[in-house]
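Let me begin by presenting the structure, written as structure tokens, before commenting on it.
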2 protein chains.
Amino acid sequence: MDPIQFTDLMELADIIAERLGNPITIEDQHHQVVAYSIHGETPDPVRIETIMKRKVPETVLARFWKAGVIQSLMHSDQPVRIPSIQELGLGNRIAISIRKGTEVLGYIWVQETGRPLVEEDYGILRWAARLAMPRLLQKRDRYIKKEENKKALFWQILSGNCSLDEIHQEAATLSIYFPPYMVVVAGEIKCKENQWLSIQKELDYLLENLKETTPFSFLPLWVYDEKQCIILGGAKKMDGLEEEAGSFLMWLNNRFSVGKGIQIKTGGFGSVVNNILDIPRSYRQSLEVIEIKNSMPGEIEDIYGYHKLGFFRYFPVMKALNQEEGYSNVQLQRLVRYDQENHGNLLETLAVFLDHGGRVNQTSEILHIHSNTLHYRIKKIEEIGKIDLGEPLNRATIYMELKLNKYGK
Amino acid sequence: MDPIQFTDLMELADIIAERLGNPITIEDQHHQVVAYSIHGETPDPVRIETIMKRKVPETVLARFWKAGVIQSLMHSDQPVRIPSIQELGLGNRIAISIRKGTEVLGYIWVQETGRPLVEEDYGILRWAARLAMPRLLQKRDRYIKKEENKKALFWQILSGNCSLDEIHQEAATLSIYFPPYMVVVAGEIKCKENQWLSIQKELDYLLENLKETTPFSFLPLWVYDEKQCIILGGAKKMDGLEEEAGSFLMWLNNRFSVGKGIQIKTGGFGSVVNNILDIPRSYRQSLEVIEIKNSMPGEIEDIYGYHKLGFFRYFPVMKALNQEEGYSNVQLQRLVRYDQENHGNLLETLAVFLDHGGRVNQTSEILHIHSNTLHYRIKKIEEIGKIDLGEPLNRATIYMELKLNKYGK
DNA sequence: CCATTCTTTGTGGATTCCCACAAAGGCTAG
DNA sequence: CTAGCCTTTGTGGGAATCCACAAAGAATGG
């Protein structure tokens with residue numbers, strides 16, 4: 001292709017537009033409009049909105065994401081054809097990623113309203129993408145620096161050892177706004193070691209570019225840590241923020257599991273705080289939710305909020321106390337020993353029985369035993385373990401110790 | 001009375017015996033035999049055993065204590081007449097305390113086997129008691145020093161900041177033996193401020209002189225603190241030591257409440273330890289039992305052992321966690337608010353209901369309401385508090401939070 | 001004052017729980 | 001092999017629970 005001179009990307013856009021006979025938009029990696037050609041034909045509504053707001057509407061992006069368009073663009077250096085979507089006012093488009101190696105720096109979009117593109121035009125697009133690359137590289141470097149600073153700031157906040165003044169100052173320079181009420185959400189991602197980096201990029205993309213479509217009103221900061229993604233969400237009002245956090249995790253999982261087998265393994269969020277200095281607590285709590293859920297599979301699958309944990313919330317401190325004192329419940333020990341010596345299943349029976357609130361029918365059905373067998377075992381449990389299940393305090397205690405035992409492993 | 005010369009208390013004993021025409025024993029404040037007269041008549045079995053072991057048998061002392069004899073001697077400077085107790089092989093006796101001011105240093109015992117004492121003899125006894133006092137004073141000073149050292153040692157052990165070597169060395173010089181298994185018992189005494197000192201003396205007496213009659217095999221150390229009595233009990237075997245600790249508290253209460261209105265308010269004991277360095281833990285636990293029992297009157301009146309506390313055991317750490325996080329259960333809050341606004345009693349209803357394991361009949365009977373009223377309230381509770389009492393986890397959680405709330409105040 | 005809502009009490013029937021007793025299957029030791 | 005113990009299953013009756021519906025009393029606000 002011919003060598004060519006252009007002073008800025010606007011000029012380049014015009015040149016490409018002329019050659020392809022179609023309007024052009026050049027966007028950076030966050031779909032912010034960097035340049036666009038002079039309109040030849042009537043632009044479609046999306047093009048108008050994109051140029052006016054200098055950013056592709058998030059609804060459109062979300063739709064593209066769902067359809068796998070963005071993913072194709074990110075993983076390929078070839079032009080990708082996007083059929084028109086009538087309901088969004090979106091005509092036919094062809095796009096290509098601007099990239100350096102495997103890293104995507106931006107996109108060139110062709111609005112196919114002039115003439116249909118042919119195979120030869122794809123070569124022009126590839127050539128244009130190469131030309132645009134150096135300019136976007138500069139932008140990217142500045143952006144990455146800022147992103148790194150944001151992540152550093154969030155880590156500083158999460159670690160909890162810095163003053164409010166420092167935080168506010170740094171936040172101001174990074175133009176970050178902290179909403180009045182905030183909550184820390186943590187998600188643990190299930191993936192292979194070598195996938196983790198690319199997943200981070202994907203998440204970055206999601207959180208940066210689809211902010212508006214998340215259940216959160218504000219989404220100022222997020223970081224990654226050992227297959228975990230830690231996110232600060234916020235709102236102007238306290239009401240409903242916990243619900244938003246819950247649906248945010250679902251949102252993340254939905255966006256995420258598209259295509260590959262990657263999924264959020266577990267997720268959790270801490271309590272709502274209205275002070276930046278309380279964020280570390282919310283963070284700790286979100287991690288505790290994950291830890292507890294991981295240690296007790298099947299107990300609280302559908303609980304994500306720290307305050308919905310019920311008595312599980314106390315398990316870490318209870319476990320710590322027990323370790324310090326070398327405590328282990330004698331009554332349960334007796335049952336375990338009996339089970340081992342006699343091939344029994346008293347412990348399991350007790351667990352299921354208590355898990356169903358002492359309802360004989362349900363329990364016996366689940367264990368596939370006769371209700372009288374259950375009665376017999378219960379009596380046995382009370383006798384062997386020296387447990388009085390009739391006493392509510394005892395019953396609650398033994399129920400909790402049982403769960404705590406499970407957690408302790 | 002005549003001035004008289006005697007080189008030691010043995011000589012004095014002989015002099016008194018001669019004047020009274022009866023055998024004499026002089027004992028220190030711990031009923032250890034300091035001197036005795038040459039036997040005139042045939043000594044009764046108790047006298048023989050007393051002199052041979054150089055100490056009054058504890059069974060006899062316990063009997064005297066029960067009968068209030070010791071108390072009379074301690075609180076009066078007059079001779080006290082003790083009728084014979086056939087079953088213990090105990091003839092008639094008269095005794096008088098040897099005292100300096102209000103402090104008892106020892107006793108003179110007259111075995112009334114020669115001739116019956118008359119009023120005039122009482123004067124001789126009082127005179128003899130005055131004569132014996134200075135010698136016993138020396139003994140007492142040495143004893144008190146030792147007792148103080150013992151108490152200091154125990155405090156050192158309880159505080160937990162001293163090495164095992166230091167402890168063993170000090171224990172050796174004080175000739176204290178630590179049994180293989182030990183437990184700390186704490187009792188809180190209900191008394192007026194000005195009684196506390198004399199109660200300490202009484203307790204000292206009990207623990208020093210009636211060691212053998214306590215349920216504990218070993219009772220090496222004890223101290224006092226702010227109306228609390230902290231006692232180290234022990235045994236050579238682990239089995240049954242907790243039971244012994246429980247009955248020790250009952251024993252103490254029985255001995256103690258004789259006569260005056262003084263009583264053990266609450267008591268508790270920690271876990272059994274087999275290492276001196278673990279004693280502080282057992283101590284902390286015993287205090288926690290007392291604290292928990294005090295904060296929740298009516299819940300666990302008949303529990304004294306730390307490990308019998310059930311989930312109450314975790315309350316201190318749970319409370320600490322809640323305070324740190326500023327947590328308070330929303331569901332219970334809603335009920336409290338409703339009760340306040342509508343003169344309701346949902347919270348009380350819930351508490352009683354859960355305390356009786358969800359048994360409708362018992363609960364409604366206790367609350368003096370119709371069982372359908374109870375049903376109505378339960379539904380109301382679930383509705384107002386947004387609590388699903390059908391779910392065992394929720395139910396256990398709310399039960400525990402309810403108790404924790406009570407404890408938290 | 002009345003109307004409305006909240007709360008309590010009453011009735012009745014389907015279901016479940018609790019318990020005692022009996023019988024049968026399985027495992028182990030002599 | 002058999003006796004003895006542990007475990008499971010079956011039967012049945014009395015008590016308690018759960019639930020729906022109805023009516024009466026108490027409290028509240030207009």
Side-chain angles (χ1 to χ4, degrees), chain A residues 331-399 402, chain B residues 331-399 402:
Chain A
Q331 300 172 312
L332 292 182
Q333 272 179 5
R334 284 194 280 256
L335 293 185
V336 169
R337 186 144 41 94
Y338 185 87
D339 279 354
Q340 282 170 351
E341 288 171 359
N342 302 58
H343 306 292
N345 36 17
L346 297 187
L347 201 74
E348 188 206 358
T349 305
L350 180 60
V352 177
F353 181 68
L354 292 176
D355 259 331
H356 292 83
R359 280 180 282 266
V360 177
N361 280 1
Q362 284 183 30
T363 311
S364 55
E365 203 166 311
I366 286 174
L367 292 174
H368 306 294
I369 56 174
H370 194 271
S371 70
N372 278 2
T373 307
L374 182 58
H375 266 119
Y376 171 77
R377 289 198 194 160
I378 298 286
K379 264 179 70 180
K380 196 89 198 169
I381 286 166
E382 295 193 305
E383 178 194 327
I384 301 289
K386 290 172 192 165
I387 309 169
D388 179 9
L389 289 172
E391 184 65 29
L393 272 178
N394 286 336
R395 187 190 273 231
T397 297
I398 212 72
Y399 188 34
L402 210 50
Chain B
Q331 301 172 313
L332 292 182
Q333 271 179 5
R334 285 193 279 257
L335 294 185
V336 170
R337 186 145 41 95
Y338 186 88
D339 278 354
Q340 282 170 350
E341 289 172 358
N342 303 60
H343 306 292
N345 35 20
L346 296 188
L347 201 75
E348 186 206 0
T349 305
L350 179 60
V352 177
F353 181 67
L354 291 176
D355 259 333
H356 292 83
R359 281 180 281 265
V360 177
N361 280 1
Q362 283 184 31
T363 311
S364 55
E365 203 166 312
I366 287 172
L367 292 173
H368 304 295
I369 56 174
H370 194 271
S371 70
N372 280 1
T373 307
L374 182 55
H375 270 294
Y376 170 78
R377 288 197 193 163
I378 299 285
K379 264 180 70 179
K380 198 89 197 166
I381 286 166
E382 295 192 305
E383 178 194 328
I384 300 289
K386 291 175 191 163
I387 309 170
D388 179 9
L389 288 173
E391 185 64 28
L393 272 177
N394 285 336
R395 187 190 272 232
T397 296
I398 211 72
Y399 188 34
L402 210 51

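All of these numbers come straight from a predicted model, not from anything done at the bench. A, B, ... follow the sequence lines: proteins, then strands. Residue 1 opens every chain.
Side-chain contact between A:Leu347 and A:Leu402: present, with at least one pair of heavy atoms (C-beta onward) separated by less than 4.5 Å. At least one side-chain heavy atom of B:Leu389 sits less than 4.5 Å from a side-chain heavy atom of B:Leu350. Side-chain contact between B:Leu367 and B:Thr363: present, with at least one pair of heavy atoms (C-beta onward) separated by less than 4.5 Å.
Distance CG (B:Leu367) to P (C:dT9): 11 Å, rounded to an integer number of Å. A:Ile381 places its CD1 atom 15 Å from the C1' atom of D:dT8, with the value rounded to the nearest Å. In this structure, NE2 of A:His368 is placed 12 Å from P of D:dT9, rounded to the nearest angstrom. At whole-Å resolution of the value, CG in B:Asn345 and P in D:dA26 are 16 Å apart. Atom CZ of B:Arg377 is separated from atom C1' of D:dT17 by 19 Å (rounded to the nearest Å). Nucleotide C:dT5 holds its P atom 14 Å from the OH atom of B:Tyr338, rounded to whole Å. Summarising the geometry, the separation between CD on B:Glu348 and P on C:dT7 is reported as 15 Å, rounded to the nearest angstrom. Taking atom CD on A:Glu365 and atom C1' on C:dC17, their separation rounds to 15 Å, with Å as the unit.
Contact annotation: A:His370 side-chain N/O to D:dG10 OP1/OP2 distance is under 4.0 Å. Look at B:Thr373 and you'll find a side-chain N or O under 4.0 angstrom from OP1 or OP2 of C:dT9. Dashed line: the shortest gap from a side-chain N or O of A:Tyr376 to OP1 or OP2 of D:dT8 is not under 4.0 Å.
Checking D:dT28, C:dT7, D:dT7 against the side-chain heavy atoms of B:His343 singles out D:dT28 as nearest. Among the nucleotides C:dT8, C:dT16, D:dT7, the one closest to any side-chain atom of A:Lys380 is D:dT7. For A:Arg359, the side-chain atoms get nearest to C:dC17 when compared with the rest of C:dC17, C:dT7, D:dT11. With C:dT7, C:dT9, D:dT17 as the candidates, the nucleotide lying closest to the side chain of B:Asn361 is D:dT17.
Checking side-chain atoms of A:Gln331 against main-chain N and O of A:Lys386 turns up a donor-acceptor pair under 3.5 Å.
Projected onto DNA chain C by closest heavy-atom contact, A:Val360 and B:Ser371 fall at different nucleotides, the more 5' of which corresponds to B:Ser371.
An angle of 30°, rounded to 10°, separates the two end axes of the helix from C:dC1-D:dG30 to C:dG30-D:dC1, each defined over five pairs.
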Step-by-step side chain to side chain contact (heavy atoms under 4.5 Å, CB included) determination, A:Leu335 to A:Ile387: CA-CA 10 Å; A:Leu335 293 185; A:Ile387 309 169; 4.1 Å; yes
Working for side chain to side chain contact (heavy atoms under 4.5 Å, CB included), residues A:Tyr338 and A:Lys380: CA-CA 10 Å; A:Tyr338 185 87; A:Lys380 196 89 198 169; 3.2 Å; yes
Stepwise side chain to side chain contact (heavy atoms under 4.5 Å, CB included) test for A:Arg377 and A:Asn345: CA-CA 9 Å; A:Arg377 289 198 194 160; A:Asn345 36 17; 3.5 Å; yes
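For A:Asn372 and D:dT11, a side-chain-to-base donor-acceptor distance below 3.5 Å is present, hydrogens and geometry of angles not being considered.
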